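Working notes, beginning with the structure itself.
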Amino acid sequence: MDIVNEILEREQKKAEKYKPITVEKHLEVELDIGTLLASDTNDLDLKTLQSDKERDNYLQALSRDNTQLLLNKVWELPTERIDEAIVVKLPAPKTILPRSKPVPKPKPLTKWQEFAKSKGITKKKKDKLQWDEQLQKWVPLFGFKKAAAEKEKNWLIEVPQHVDPMTDMYEKKAGEKSEKVAKNELQRLKNIARARKVNIPRVGLPVTSDKANATQLATAAVVAKASTASLGKFQDKLPKEKEARGKGIHELIPGKERKRKAPIPTPQAEKENNLNLLDKILNKRPKIDIEKAVAKRIHDEQVQRSEEKKTMKPGKGKRKSKGGNTTNFTAKKPKGGKGQRNPNKKTPGRKRR
Amino acid sequence: MAVIQRIKKPTTRRGKKVLLSKEPKPIEGPKQCIFLQGRNPSERTRKLLKDIYDLKKPDAAFLSRKNDFVPFEDSSLIEKLSYKKEAALFGVGSHSKKRPHNIILGRTFNYGILDMIELGADKYKAMSEFHNMKVLAGLKPCLIFNGPAWDLNQDLKRLKSLFTDFFHREKVESIRLQGLEHALSFTATDDGSIYFRSYRILLKKSGQRTPRVELEEIGPSIDFKLRRTKLASDDLYKESCKIPKELKPITKKNISKDAFGTKMGRIHIGKQDINRLQTRKMKGLKKTPEEKKQMLMKKKMARQAAKRTQAMAA
């Protein structure tokens, strides 16, 4: 027993040499070890906090206690040794802080991507370089050195037989290329508009390179015919002319919305409709448009008054007196020198004589 | 002021890179901070901002030019600068007769003001006035919030979140024990005074594994007084605190633990096919050789028909 007591005593002495690491708190301190944050909700000692002398010491003691509590918890975490340094793994932080930017949204699909998705079309990877038989070398698909290769390849372009022999084929090719670029740009803009849900006006006819098919031509003819002030009402019909049909035509021509035919009514409903119509005709009464009536009345009065004025003879001795103004509207007195002066103005105020 | 889905395409590769880097990301780095000076900053506010800037240093910029603006009336300058500098936190110092030694701390969300809190620096002792060893720059400090007012007052609650946002530096996985050197203490009372103190942590022997903590004040020491606040609406704040799907922990379904800590799993089995069920074998139910032959023929015919239709389709 002596040995046990001795050891205990020695331990006690050892512990007395150091200050304690435990802290007594009335309410438990909330700790968020992930962010190294401690929030102490215990009441403060307001008296010492208000005195200038003791405030700093009090705050230091308070902070020391809370830091001790936080670090006690940190030292309990599993440690690891990385490059001569002891490292602890922190748990995930509990406090949620606002982000600096909103959560990223998935990019809206383009029309093609949507179509490809619905059809299950996947992108095929093409090689960056392709073997060119004519040039006998590897030519990139696009980008650097592609244009040079193309130039080398097309040092001469044959003019086809059905084309005017004086056409510049290089110019034609460049034109086609720029057309393609423009179309691509238009589609890009359309995709952006679609993603933002902006209504854009319809573009009349589809862009075609040179040849249009029969339906496109028919559409163009119908639209052209309707492009008069009277929407083509008085335009003659050509022999064998057919009305273009299909999607899009009715939107292009104003006043040509298709009306859905009413379904065939039941005999009962038909009878009721007819009787209603008959009633309406038999019980017809003149409609009174109050606005119109009022306007008419006002007009009549005005006409009458003007007639009276014309027939009335002007008074003999009554003339306008010189000074007295019968009307209330008087010309404003010129303000000479009053108010703000404008040096640029040519007439500064009243002329003095 | 969103960057995504702009109509004009960037012309250079570098410009594209810049725009891409400004796009929102699921995991964001540490928030950058800008410090501005208002119309007529006093010496105290300038020094104070400089001290806070020193505490925040690698992720902060101090803009030394004076700006003729009042953040509480027109915040467009801050929004512009936050876009330009990619900074989500800001501090503005100004001085006037009505509001002496005024410090405005705030943060932005999507380049628009989220929170803005005005504090008056009543008493201030700079970092340079404490003649002792300071801590290394860029350390993650321990944040200590004292007083029940931090949880009771709505403004102070947001200020606590703002202070945490300002000084917590970055979310880290692990930390070096010797690197726990810095402690920031914020003490709030009910009457709106906030005592900001900064200490160096000294780890002393305690005879155990956990050391005894002693503190030494290194400054700055500031006594703030809470003034005006402009806090985000609950909707906006909630949106800004949204956690992206990628970062949410994936919960594993059908796994549970009972009281004894045994792991239990629930398994779903599809519908059982009764027709194919192997029942008791009997001689009477066995197929005769003729029946077997017929079945094989049937299968063969079906296969051939399928092949033909495939060929037709192709």
Side-chain angles (χ1 to χ4, degrees), chain A residues 14-15 17-21 27 30 32 34-44 46 49 55-56 59-68 70-72 74-76 79-80 82 85-90 92-93 95-105 107-108 188-189 192 195-196, chain B residues 4-5 7 23-26 28 31 88 107-110 114 140-148 150-151 160-161 164-165 168 171-178 180 183 185 187 189 195 197 199 201 204-215 217 221 237 239-245:
Chain A
K14 224 184 202 177
K17 243 169 65 180
Y18 302 114
K19 282 177 182 169
I21 58 161
L27 287 171
E30 269 177 60
D32 178 6
T35 37
L36 293 178
L37 185 137
S39 41
D40 180 4
T41 46
N42 288 298
D43 279 332
L44 298 168
L46 287 175
L49 207 57
R55 185 190 297 137
D56 278 354
L59 286 177
Q60 184 159 346
L62 187 66
S63 305
R64 193 217 76 83
D65 286 356
N66 289 330
T67 318
Q68 179 78 62
L70 181 68
L71 292 195
N72 284 353
V74 171
W75 250 262
E76 278 172 20
T79 54
E80 216 178 314
I82 300 173
I86 296 166
V87 163
V88 284
K89 273 208 145 178
L90 290 179
T95 43
I96 296 166
L97 294 169
R99 297 165 56 83
S100 56
K101 268 171 240 175
V103 174
K105 278 179 200 155
K107 256 188 187 171
R188 189 179 74 86
L189 293 178
I192 291 172
R196 287 191 190 168
Chain B
I4 33 164
Q5 280 284 318
I7 288 168
E23 254 172 41
K25 291 171 201 67
E28 291 172 334
K31 280 183 178 178
R107 51 188 162 188
T108 62
F109 173 62
N110 203 18
L114 185 73
K140 192 177 169 80
C142 300
L143 304 173
I144 315 289
F145 288 88
N146 303 319
W150 287 115
D151 281 349
K160 183 182 173 185
S161 160
T164 315
D165 214 354
H168 84 112
K171 189 192 155 192
V172 287
E173 300 267 292
S174 54
I175 195 162
R176 199 165 56 95
L177 284 181
Q178 297 304 312
L180 291 166
S185 137
T187 312
T189 57
Y195 304 102
R197 298 285 182 274
Y199 303 101
I201 300 175
K204 294 278 160 73
K205 269 185 194 164
S206 68
Q208 297 165 54
R209 213 177 81 82
T210 316
R212 156 94 184 172
V213 170
E214 290 297 336
L215 297 181
E217 190 160 6
S221 130
Y237 193 76
E239 208 212 320
S240 69
C241 285
K242 219 173 174 185
I243 298 166
K245 234 184 199 171

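Fair warning: this is a prediction, and the values are worked out from it, not measured in the lab. Just so we're on the same page: letters track the sequence lines, and every chain starts at 1. Scope of the values below: all heavy atoms of this structure, side chains included, with no hydrogens, waters or symmetry mates.
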key: Candidate pair B:N146 and A:S63, rule side-chain contact (heavy atoms from CB on, under 4.5 Å), full reasoning   = CA-CA 8 Å; B:N146 303 319; A:S63 305; 3.9 Å; yes
Region of [X] that comes under 4.5 Å of a non-hydrogen atom in chain A:
{"X": "B:K171", "result": "side chain"}
{"X": "B:P141", "result": "backbone"}
{"X": "B:I144", "result": "both"}
{"X": "B:D165", "result": "both"}
{"X": "B:K140", "result": "both"}
{"X": "B:T108", "result": "backbone"}

Under 4.5 Å heavy-atom distance to chain B, tell me which part of [X] shows up: side chain, backbone, both or neither.
{"X": "A:I86", "value": "both"}
{"X": "A:L46", "value": "side chain"}
{"X": "A:L70", "value": "side chain"}

Would you compute the distance between atom [atom1] of [X] and atom [atom2] of [Y] and round it to the nearest 0.5 angstrom?
{"X": "B:I201", "Y": "A:R64", "atom1": "CD1", "atom2": "CZ", "answer": "11.0 Å"}
{"X": "A:L97", "Y": "B:T164", "atom1": "CG", "atom2": "OG1", "answer": "6.0 Å"}
{"X": "A:Y18", "Y": "B:K205", "atom1": "OH", "atom2": "NZ", "answer": "5.5 Å"}

Between [X] and [Y], is there a donor-acceptor pair closer than 3.5 Å when you use the side chain of the first and the backbone of the second?
{"X": "B:Q178", "Y": "A:V87", "result": "no"}
{"X": "B:E239", "Y": "A:P102", "result": "no"}
{"X": "B:R197", "Y": "A:D56", "result": "no"}
{"X": "A:R99", "Y": "B:F109", "result": "no"}

For a quick test of reading the model, state the closest non-hydrogen atom pair linking [X] to [Y] and the distance between them.
{"X": "B:Y237", "Y": "A:P98", "result": "OH-CD, 3.9 Å"}
{"X": "B:R212", "Y": "A:P20", "result": "NH1-O, 2.6 Å"}
{"X": "A:L59", "Y": "B:Y199", "result": "C-OH, 3.6 Å"}
{"X": "A:I21", "Y": "B:S206", "result": "CG2-CB, 3.5 Å"}

key: Candidate list B:R107, B:E28, B:K31, test side chain to side chain donor-acceptor pair (under 3.5 Å), partner A:S100, passing option   = B:E28
query = B:A88, B:P148, B:P244: which one forms the most heavy-atom pairs within less than 4.5 Å of chain A?
reply = B:P148
note = With chain A, the option among B:G147, B:S185, B:S221 that has the most non-hydrogen atom pairs under 4.5 Å is B:G147
Set of residues satisfying side-chain hydrogen bond (donor to acceptor under 3.5 Å, both in side chains) with respect to A:K101, sequence neighbours excluded = B:E86, B:Y111
key: Any residue meeting side-chain hydrogen bond (donor to acceptor under 3.5 Å, both in side chains) with A:T67, in chain and number order, not counting sequence neighbours   = none
Within-4.5 Å side-chain heavy-atom neighbours: [X] and [Y]:
{"X": "B:L177", "Y": "A:V74", "answer": "yes"}
{"X": "A:R55", "Y": "B:Y195", "answer": "yes"}
{"X": "A:P93", "Y": "B:H168", "answer": "no"}

Using a cut-off of under 4.5 Å on heavy-atom pairs, state which of [options] scores highest against chain B.
{"options": "A:D40, A:L27, A:I96, A:L49", "answer": "A:D40"}
{"options": "A:K89, A:E80, A:Q60, A:K105", "answer": "A:Q60"}
{"options": "A:E30, A:Q68, A:E76", "answer": "A:Q68"}

request  = Mind running side-chain contact (heavy atoms from CB on, under 4.5 Å) on B:K245 and A:V103 for me, showing each step along the way?
outcome  = CA-CA 9 Å; B:K245 234 184 199 171; A:V103 174; over 6 Å; no
Member of A:N66, A:T35, A:L37, A:L71 meeting the side-chain contact (heavy atoms from CB on, under 4.5 Å) criterion with B:C142 = A:L71
